[in-house]
Amino acid sequence: MKAGLLCVAALSAAATAQPHRRHRHHVKRDVVVVTDIVVATTTAPAAVVYVDGNGNPISTSYVGQPASYPTTASSPPSSTTAYTPPPASTPKSSSYVAPAPPPTSEAPAASSYSTPDTSTAAAPASSSASSSSSGSGLANTGYTISYSPYNSDNSCKNQTQVDTDLEAISDFAMVRLYGTDCNQTATVLSAASAKNINVFAGVYDVTQVESEVQDIIDAAKGNWDSIHAVAIGNEGVNNNIYTVPEVVSAIGTARSKLQSAGYTGNVVTVDTFVAIIANPELCQASDFAAANCHAFFDGSVTAQDAGKFVLGQAQRVSEACGGKDTMITESGWPSQGDTNDQAVPSQQNQIDAINSLKSAFSSNLVLFSAFNDYWKQNNAGTYAAEHCWGIMGNAPS
Ligand SMILES: *[C@@H]1O[C@H](CO)[C@@H](O)[C@H](O)[C@H]1NC(C)=O
Ligand SMILES: *[C@@H]1O[C@H](CO)[C@@H](O)[C@H](O)[C@H]1NC(C)=O
């Protein structure tokens with residue numbers, strides 16, 4: 001077993017087996033190996049963006065990320081227009097307040113979440129134990145946490161396991177999912193609604209939007225009370241998996257199908273902050289701007305400054321989207337992995353980064369991720385940290 005395979009605690013031998021999931025590109029978040037450079041441009045303080053001949057970003061690299069830089073780029077056709085990312089706005093005063101939740105939000109005020117459902121009387125003890133073990137001094141109420149219900153061997157977690165996991169994150173306002181495989185919309189909805197947690201559902205494969213939306217409709221069974229938003233895709237434009245028009249079209253398909261089934265909530269696409277700023281059509285088609293942003297991949301940002309950095313990027317997204325409400329749909333810090341210049345993975349830095357993020361945002365923030373994700377494939381391109389983003393440590397199930 002290689003050193004560094006396990007983030008925090010010992011795990012079963014199953015962690016050594018890493019067959020590929022159907023959704024193996026789950027493992028790739030903000031980092032893309034560039035294979036198809038037409039024009040390479042640079043300059044956002046946070047990232048280097050590689051674009052195609054139409055100025056659409058086809059990938060993003062972050063400063064200090066040598067593994068992802070192309071060593072050579074093919075000569076750009078003379079007719080192409082180099083894309084120049086918009087200049088970074090200087091973060092305004094520290095009094096910047098994250099935009100309020102979208103008007104259709106059904107998220108109650110944070111205090112509503114502090115009253116446990118009577119049917120889960122045992123939850124507060126275990127959740128407060130988990131919270132204190134995460135070392136975070138700031139409350140989780142008001143924030144969302146991302147969650148993927150897979151075992152280390154890539155098998156699906158069953159309802160009992162999902163119930164156990166959600167108990168450990170029951171003080172969060174909402175849980176974010178990425179797809180509909182493993183019957184996860186149904187299992188998580190069942191566990192979450194019992195604990196008064198909202199669900200940010202997800203369609204993973206934009207080309208399968210009809211069937212994945214149908215999965216969500218089947219899971220909701222006509223009761224949409226707990227579903228705050230449905231995301232169509234995750235970083236698909238950033239990762240050059242889908243075109244902007246494909247995603248925009250899929251949002252429209254999803255919205256009308258969901259509305260026919262009685263859902264009137266938010267439909268969005270999630271992409272990286274870089275891809276959204278470069279392609280505002282993505283947020284124009286969404287009911288709010290939904291951007292993933294990890295200070296860790298920047299390389300010039302310490303854990304303690306993660307919140308300030310991400311808040312600055314959220315402002316840029318909001319401006320690019322005409323002032324639209326903006327949610328940071330992923331942000332976190334790994335507890336273990338390779339150092340990225342100023343960004344050092346460690347348990348203490350993870351705690352500091354999460355606290356920094358919470359200090360910067362009062363809401364509209366999805367912390368990434370609930371538990372260490374041993375089902376992912378670790379790789380050097382993401383600093384051998386893929387397994388180790390779980391802010392609650394290893395999943396209890
Ligand atoms: C759920 O999975 C756990 C862990 O594999 C197992 O122990 C349990 O029996 C399963 N429960 C059901 C109801 O299948
Ligand atoms: C999906 O999960 C729900 C909630 O636990 C359950 O009622 C349903 O039977 C499950 N469906 C399948 C196909 O496993």
Side-chain angles (χ1 to χ4, degrees), residues 5-23 26 106 116-123 126-127 129-130 144-170 172 174-205 208-231 254 257-258 261-263 265 369-376 387 390 392-397:
L5 180 61
L6 302 184
C7 311
V8 183
L11 192 85
S12 79
T16 57
Q18 293 288 335
H20 298 167
R21 288 198 67 75
R22 177 165 60 87
H23 290 159
H26 259 302
E106 292 176 341
D117 188 289
T118 49
S119 66
T120 58
S126 68
S127 65
S130 300
T144 302
I145 191 157
S146 54
Y147 174 66
S148 294
Y150 311 125
N151 293 303
S152 302
D153 65 358
N154 286 284
S155 61
C156 298
K157 289 191 174 180
N158 62 30
Q159 183 69 63
T160 311
Q161 292 177 291
V162 170
D163 289 347
T164 302
D165 286 350
L166 259 68
E167 240 173 64
I169 52 174
S170 61
F172 282 88
M174 182 155 70
V175 59
R176 181 185 168 206
L177 305 178
Y178 289 84
T180 58
D181 55 320
C182 289
N183 194 27
Q184 64 178 284
T185 317
T187 57
V188 171
L189 259 181
S190 166
S193 56
K195 299 177 198 311
N196 203 18
I197 305 172
N198 280 344
V199 173
F200 188 152
V203 163
Y204 192 77
D205 185 344
Q208 302 298 315
V209 62
E210 294 265 5
S211 69
E212 286 206 53
V213 164
Q214 188 60 50
D215 289 342
I216 293 171
I217 291 169
D218 292 345
K221 294 199 178 80
N223 180 358
W224 297 101
D225 292 351
S226 303
I227 301 191
H228 169 79
V230 177
K257 193 170 168 84
L258 286 162
Y263 175 73
S369 182
F371 309 110
N372 292 324
D373 286 316
Y374 295 103
W375 56 273
K376 291 187 174 179
H387 296 165
M392 313 299 280
N394 292 335
S397 74

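Whatever order the structure lists them in is the order used to number ligands and atoms, beginning at 1. For the numbers below, each heavy atom of this structure counts, side chains included, while hydrogens, waters and symmetry mates do not. Sequential numbering from 1 along the given sequence is applied to the chain's residues.
- Heavy-atom proximity to atom 6 (C) of ligand 1, evaluated over D163, T160, N158, is greatest for N158.
- Short contacts between ligand 2 and Q159, defined as distances under 4.0 Å to a heavy atom of the residue, involve ligand atoms 4 (C), 5 (O).
- Every atom of ligand 2 is numbered from 1 in the order shown, and the set under 4.0 Å from a heavy atom of N183 is 1 (C), 2 (O), 3 (C), 8 (C), 10 (C), 11 (N), 12 (C), 14 (O).
- No donor-acceptor distance shorter than 3.5 angstrom exists from the side chain of W375 to the backbone of C156, with no hydrogens or angles considered.
- If you check the side chains of T187 and Q159, you find no donor sitting under 3.5 Å from an acceptor.
- Atom NZ of K376 and atom NE2 of H387 lie 9.0 Å apart (nearest 0.5 Å).
- Looking at S397 and D165, their side chains do bring a donor and an acceptor atom within 3.5 Å of each other.
- Taking atom 7 (O) of ligand 2 as the reference point, the nearest protein heavy-atom neighbour is K221 NZ, 4.6 Å.
- Judged purely by atom type and a 3.5 angstrom limit, D153 uses its side chain to pair as donor or acceptor with the backbone of S155.
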Exercise. Check the pair Q161 / N151 against side-chain hydrogen bond (donor to acceptor under 3.5 Å, both in side chains), numbers first and verdict last.
Key: CA-CA 10 Å; Q161 292 177 291; N151 293 303; 3.0 Å; yes
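- Residue contacts with ligand 1 for K157 are absent, since no atom lies close enough (heavy atoms, distance under 4.0 Å).
- Within a 4.0 Å radius of atom 11 (N) of ligand 1, the protein has at least one heavy atom.
- Q161 NE2, 3.7 Å is the protein heavy atom nearest to atom 4 (C) of ligand 1.
- Atom 2 (O) of ligand 2 lies below 4.0 Å from at least one non-hydrogen atom of the protein.
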